[in-house]
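So that the names make sense, note that chain A is the first sequence line, chain B the second, and so on, each numbered from 1.
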Amino acid sequence: MDYRRSYLRDLFAAAPGAEVEAYGWVKTRRDSKNVSFVQLNDGSCFNDLQVVVPEGAIDESTLKRITTGACVRFTGTLVESPGGKQAVELQAKGVEVFGEADPATYPLQKKGATMEFLREIAHLRPRGNTFGAVFRVRAQAAFAIHEFFHRRGFHYIHPPIITASDAEGAGAMFHVTTHDPYAGKPADPAADFFGKPAFLTVSGQLEAETLALALTNVYSFGPTFRAENSNSARHLAEFWMVEPEQAFCSLEGNMNLAEEFLKEVIGAVLDRCAGDLEFFNQRIEPELLSTLSHVVNSPFERLTYTEAIKLLEASGEAFEFPVFWGADLQSEHERWLTEKKVGRPVILTDYPKEIKAFYMRQNEDGKTVRAMDVLAPRIGEIIGGSQREERLDHLEARITEMGLPMEAYWWYLDLRRFGSAPHAGFGLGFERLLMYVTGMKNIRDVIPYHRTPGSAEF
RNA sequence: UGCCGCAUAGCUCAGUCGGUAGAGCAGCUGACUGUUAAUCAGCGGGUCCUAGGUUCGAGUCCUAGUGCGGCAGCCA
């Protein structure tokens, strides 16, 4: 056995008449008087291979071990299929059973399981249609992201996952310690592993900026952690984030990059995962394919926050939360804009400085900052970014205004002391992108093992 | 974390007015000339989430807890 062999993906493209092997897991077996049919899948592509077992080809006691969930290798001849649902099938001559699966206790059925139940058997769900497709799309999307940046000369960087800075301000953080938190002794950071409090990163942005102001165009793509007690279909405590950062880049350049990025990655998945997306379109989200091709082929709407507020005020909608200049936009407002008003992704820019982070570049009006959020129908905010404040005095003033600890930012401020440059970047939630591309409704179902409050199984 | 809803067979669910447990699918046994969510017949399968309470009697009503979901918030 060797990875250099045929996979089901290859068999579907092979010429009938070939003698082949087929490795995989059994989806179902159907028996007739003289013949048995086995649906086999190895995860190499969406389609199952139909294996035909003529009477006598395999002895009955072995055939009985080939049940749903079993792992097997068939040998036989690839032939054109007389059945309507597949071009080729395997005429079996022999089989080896690697692992049986007791049909009475194997929890995956071919019919009618809810997403909630499948989440409880997350170690087995990749064997089903839906999650096989999810994780193939996840892999292709991740690869397409690296390709996108690589082709444009961006350098892939690796900001630390453990950080001693608790001042990033992007959300509640997980502590990292070698001390027993349940021992009841008083906390003593100086005696801990790093000699001070340490945390899991909530964003690599500040570190990415330091590399952008040397390598010009960089991006990171890795796990990110937020200890927020959020219980929603759009939040995880551990998720993957893509964070490009560009020197010599304005907010407009940042928006252009974000739009090109989404279009190219979605386009790549449309190209390379056609079978998987077809399934999502049929069974998960009926409008998926038309929506995605529309997104790839039409420009994103770009609005300033101020324009968006005016549109919302003129909408005539009875919103639960009031709309006024200075208010943070609520989900209902974002949804109206992107789903009802525009019907495709919207980029909102130039938010009031009071509702955005300290590092965003201040506009000349003294009221707004060069922030941008990309909002997508169905899932809301998929990207958040900004042009960064590159002027030392402006940045220091904002840190003081917001009551943040100036000392903690000494190295971040050094970037503005020594060779500062206009620069911009954004953060993209990888799982949110996957929700958008697959039509899956819960973010817990686009990652193999979700981490959420009260949930760290597997 | 707040509001709302749900929890019954392996899965998906029904269970009327409070009177002692049901279906479909899955599984098992058999039938069937190539099936493809195969079909047909038969069989087995229950801590009705947990703990209290009301009642002659609770799957059903009440209280608390737990889990899950929806919406909201936090954001990516």
Side-chain angles (χ1 to χ4, degrees), chain A residues 27-40 47-55 64 67-69 79 81-86 89 91 101-121 128-129 169-172 201-205 221 223-243 258 283 319-321 328-335 355-357 373-376 379-385 426-436 441-447 452-455 457:
Chain A
K27 285 254 185 80
T28 67
R29 193 188 82 220
R30 297 178 293 274
D31 297 319
S32 229
K33 184 166 180 68
N34 300 321
V35 64
S36 289
F37 299 92
V38 179
Q39 294 293 125
L40 194 69
N47 289 118
D48 301 329
L49 177 69
Q50 171 160 285
V51 179
V52 185
V53 184
E55 193 173 23
K64 284 195 169 176
T67 57
T68 300
V79 299
S81 176
K85 298 212 171 183
Q86 59 279 318
E89 62 189 22
Q91 199 76 27
D102 179 4
T105 52
Y106 185 64
L108 261 187
Q109 297 177 189
K110 56 188 158 190
K111 211 174 160 179
T114 58
M115 292 297 167
E116 292 78 28
F117 172 70
L118 291 170
R119 217 172 282 150
E120 292 171 14
I121 51 163
N129 287 334
T201 183
V202 292
S203 163
Q205 179 201 316
F221 183 7
T224 308
F225 306 87
R226 304 262 167 104
E228 305 288 346
N229 189 6
S230 47
N231 221 298
S232 89
R234 309 197 314 280
H235 292 84
L236 292 167
E238 175 183 300
F239 64 100
W240 285 62
M241 190 151 67
V242 180
E243 295 184 283
R283 301 291 278 269
F319 292 118
E320 188 188 338
F321 294 90
D328 212 344
L329 295 182
Q330 306 292 315
S331 283
E332 55 174 346
H333 306 139
E334 296 181 349
R335 215 178 303 125
I355 59 175
K356 287 294 178 183
D373 282 358
V374 181
L375 311 176
I379 55 170
E381 185 175 346
I382 191 168
I383 284 177
F426 62 79
L428 166 116
F430 184 52
E431 284 78 14
R432 289 195 181 167
L433 175 63
L434 291 173
M435 290 173 76
Y436 193 57
K441 304 292 182 293
N442 194 312
I443 200 166
R444 297 165 193 199
D445 298 327
V446 294
I447 191 166
T452 49
S455 180
E457 193 62 50

Side chain of [X]: nearest nucleotide among [options]?
X	options	value
A:N229	B:rU35, B:rU1, B:rG73	B:rU1
A:Q50	B:rC75, B:rU35, B:rG69	B:rU35
A:Q330	B:rG69, B:rU36, B:rG73	B:rG73
A:N34	B:rU36, B:rU33, B:rC75	B:rU33
A:I443	B:rC68, B:rA76, B:rG27	B:rA76
A:A233	B:rC68, B:rA76, B:rG70	B:rG70
A:P103	B:rA72, B:rG27, B:rC75	B:rG27

Short heteroatom pairs, N/O only, protein and nucleotides 4-10 of chain B, under 3.5 Å:
{"unit_1": "B:rG10", "atom_1": "N2", "unit_2": "A:Q109", "atom_2": "OE1", "d": "2.6"}
{"unit_1": "B:rG10", "atom_1": "N3", "unit_2": "A:Q109", "atom_2": "OE1", "d": "3.3"}

Can you measure [X] atom [atom1] to [N] atom [atom2] for me and round it to whole angstrom units?
X	N	atom1	atom2	value
A:N231	B:rC68	CG	P	8 Å
A:L40	B:rU35	CG	C1'	16 Å
A:F221	B:rA76	CZ	C1'	13 Å
A:F319	B:rG73	CZ	P	13 Å
A:E238	B:rA76	CD	P	17 Å
A:E120	B:rU66	CD	C1'	14 Å
A:R335	B:rC75	CZ	P	17 Å
A:D328	B:rC75	CG	C1'	10 Å

* Asked: Under the 3.5 Å rule, do the base of B:rU1 and the side chain of A:E228 count as making a donor-acceptor pair?
  ->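 Under the 3.5 Å cut-off, the side chain and the base do not form any donor-acceptor pair.
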* Measure distances between side-chain N and O atoms of A:R432 and base N and O atoms of B:rC75, and say whether any donor-acceptor pair falls under 3.5 Å. =>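 When only heavy-atom distances are counted, A:R432 does reach the base of B:rC75 through a donor-acceptor pair under 3.5 Å.
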Less than 4.5 Å apart, side chain to side chain, heavy atoms only: is that true for [X] and [Y]?
X	Y	value
A:P103	A:R29	no
A:D373	A:I383	no
A:R283	A:N129	no
A:Q330	A:E320	no
A:V52	A:F37	yes

Under 4.0 Å, counting only non-hydrogen atoms across every strand here, what does [X] touch: a base, just sugar-phosphate, or nothing?
X	result
A:L433	nothing
A:R119	sugar-phosphate
A:R283	nothing
A:E89	base
A:S331	sugar-phosphate
A:G83	base

* Asked: Around A:R30, counting heavy atoms of other residues, nucleotides and ligands shown, do more than 12 lie under 6.0 Å from its CZ?
  ->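 Atom CZ in A:R30 is crowded, with more than 12 foreign heavy atoms closer than 6.0 Å.
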N/O to N/O distances under 3.5 Å, protein versus nucleotides 30-32 of chain B:
{"unit_1": "B:rC32", "atom_1": "OP2", "unit_2": "A:K33", "atom_2": "NZ", "d": "3.0"}

In whole Å, measure the gap between the [atom1] atoms of [N] and [M] for me.
N	M	atom1	result
B:rU12	B:rA31	P	33 Å
B:rG42	B:rC4	P	48 Å
B:rU60	B:rU54	C1'	13 Å
B:rC71	B:rG15	P	25 Å
B:rG18	B:rC56	P	16 Å
B:rG70	B:rG65	P	22 Å
B:rG45	B:rC32	P	28 Å
B:rG59	B:rA37	P	41 Å

* For B:rA38, take OP1 and OP2 only and decide whether either is under 4.0 Å from a side-chain N or O of A:R30. =>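 Yes, such a contact exists.
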* **B:rA76 pyrimidine/purine six-ring stacking with A:F239, under 5.5 Å and 30°** =>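 Answer is yes, a stack.
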* Structure fact -> Comparing nearest nucleotides in RNA chain B, the 5'-proximal residue of the pair A:S232, A:E381 is A:S232
* **Secondary-structure stems, RNA chain B, at least 3 Watson-Crick or G-U base pairs under 3.5 Å** =>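 The stems that RNA chain B takes part in, listed by first number, are B:1-7 with B:66-72, B:10-13 with B:22-25, B:27-31 with B:39-43, B:49-53 with B:61-65.
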* Run the ring-centre check on A:F321 versus A:H333 and record whether the distance is less than 6.0 Å. => no
* Given A:D48 and A:K85, is the salt bridge (Lys or Arg N to Asp or Glu O under 4.0 Å) satisfied, shown in steps? -> CA-CA 10 Å; A:D48 301 329; A:K85 298 212 171 183; over 6 Å; no
